[in-house]
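Reviewing the structure listed below.
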Amino acid sequence: QVQLAETGGGLVQAGGSLRLSCTASGRTFSSYAMAWFRQAPGKERELVAAISPSGSSTVNDDAVKGRFTISRDNAKNTVYLQMNSLKPEEPAVYYCAARPGPLSRYGQYDYWGQGTQVTVSS
């Protein structure tokens with residue numbers, strides 16, 4: 001069982017930056033692929049970025065390439081999402097998720113955090 005807790009959401013102006021953090025419980029964090037998803041009102045949840053258990057491989061949604069960076073620190077049981085150049089259309093609840101095994105863009109993620117709200121003002 002893995003428990004995830006996100007922090008770092010808030011209000012930012014368009015063009016600004018935020019860094020989200022997600023801390024996991026348990027001693028096997030380094031065996032889990034991690035991901036960030038987001039869900040805007042009235043829209044389906046979508047993958048933003050994912051990272052392999054070791055941190056050596058990442059995938060990003062095309063909409064955030066060059067602006068968002070996912071990273072992890074296995075010694076701290078934490079995964080990060082650095083978001084730069086935020087756009088007015090990107091407000092959403094951002095969720096951290098985990099799955100045992102390799103990185104997956106389309107696979108099922110088994111554990112989820114409660115989400116953190118990101119609001120972008122224009």
Side-chain angles (χ1 to χ4, degrees):
Q1 189 78 11
V2 176
Q3 292 183 322
L4 305 172
E6 303 99 332
T7 57
L11 173 64
V12 63
Q13 285 191 329
S17 298
L18 277 177
R19 188 175 83 154
L20 306 182
S21 299
C22 171
T23 301
S25 64
R27 294 176 289 179
T28 59
F29 178 73
S30 60
S31 65
Y32 286 81
M34 301 296 297
W36 287 97
F37 290 78
R38 66 185 177 187
Q39 187 167 21
K43 295 187 177 181
E44 292 189 356
R45 187 170 57 198
E46 60 180 3
L47 178 74
V48 175
I51 189 166
S52 63
S54 68
S56 60
S57 299
T58 63
V59 295
N60 282 27
D61 182 75
D62 287 344
V64 305
K65 280 183 180 177
R67 299 187 297 119
F68 290 14
T69 302
I70 188 170
S71 62
R72 66 191 296 161
D73 185 338
N74 285 345
K76 296 182 178 180
N77 280 17
T78 301
V79 61
Y80 305 97
L81 184 68
Q82 178 67 45
M83 305 186 293
N84 298 328
S85 303
L86 280 158
K87 300 179 178 181
E89 63 269 25
E90 288 182 312
V93 178
Y94 284 70
Y95 297 92
C96 173
R99 68 187 302 269
L103 166 66
S104 176
R105 183 190 288 269
Y106 303 110
Q108 178 178 326
Y109 282 78
D110 300 314
Y111 303 100
W112 294 84
Q114 80 286 354
T116 185
Q117 178 72 49
V118 172
T119 303
V120 182
S121 63
S122 57

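Computed from heavy atoms alone, side chains included, the values below leave out hydrogens, waters and symmetry copies. For reference, positions follow the sequence shown, starting with 1.
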Mind listing the closest non-hydrogen atom pair of Ser122 and Ala14 along with its distance?
CA-CB, 4.3 Å

Rounded distance (nearest 0.5 Å) linking atom OG of Ser30 with atom CG of Asp73:
11.5 Å

Which heavy-atom pair separates Ala33 from Tyr109 by the least distance, and what is that distance?
O-CE2, 4.0 Å

What's the spacing between Tyr111 OH and Ser25 OG if we round to 0.5 Å?
9.5 Å

Straight-line distance of Leu18 CG to Thr116 OG1, nearest 0.5 Å:
9.0 Å

Any side-chain to backbone donor/acceptor pair from Asn60 onto Lys65? Under 3.5 Å, distance only.
no

Compare every heavy atom of Phe37 with every heavy atom of Val48, then report the nearest pair and how far apart it is.
CG2-C, 4.0 Å

Any idea which heavy atoms bring Thr119 and Pro91 closest together, and the distance?
CA-CB, 4.2 Å

Using side chain to side chain contact (heavy atoms under 4.5 Å, CB included), reason through Trp36 and Cys96 one step at a time and then give a plain yes or no.
CA-CA 5 Å; Trp36 287 97; Cys96 173; 4.0 Å; yes

Report, as yes or no, whether the 6.0 Å neighbourhood of atom CD on Gln13 holds more than 12 heavy atoms from other residues, nucleotides or ligands.
no

With rounding to the nearest 0.5 angstrom, report the CD1 to OG distance, Ile70 to Ser52.
9.5 Å

How many angstroms lie between CD in Gln39 and OH in Tyr95, if you round to the nearest 0.5 Å?
5.5 Å

Within-4.5 Å side-chain heavy-atom neighbours: Leu4 and Met34
yes

Would you sort out whether Leu47 and Asp61 count as a side chain to side chain contact (heavy atoms under 4.5 Å, CB included), showing the intermediate values?
CA-CA 7 Å; Leu47 178 74; Asp61 182 75; 5.9 Å; no

Rounded distance (nearest 0.5 Å) linking atom OG of Ser21 with atom CD of Gln82
9.5 Å

Are Phe29 and Leu103 joined in one hydrophobic group, where the rule is that I, L, V, M, F, W and Y side chains link up if heavy atoms are under 4.5 Å apart?
no

Any side-chain donor-acceptor pair under 3.5 Å between Asn84 and Ser17?
yes

Are the side chains of Tyr32 and Pro100 in touch, meaning some heavy atoms are under 4.5 Å apart?
yes

Just wondering, are more than 12 heavy atoms of other shown residues or ligands nearer than 6.0 Å to CD in Gln3?
no

Residues passing the salt bridge (Lys or Arg N to Asp or Glu O under 4.0 Å) test with Glu90, sequence neighbours excluded, are Arg38, Arg67

Could you pull out the closest heavy-atom pair between Ala50 and Ser104, with the gap in Å?
CB-O, 4.2 Å

Do you reckon Leu20 sits in the same ILVMFWY cluster as Val64, going by side-chain contacts under 4.5 Å, direct or chained?
yes

Just wondering, do Glu6 and Tyr94 contact through their side chains at under 4.5 Å, heavy atoms?
no

From CA spacing to verdict: side chain to side chain contact (heavy atoms under 4.5 Å, CB included), Met83, Val118
CA-CA 10 Å; Met83 305 186 293; Val118 172; 3.9 Å; yes

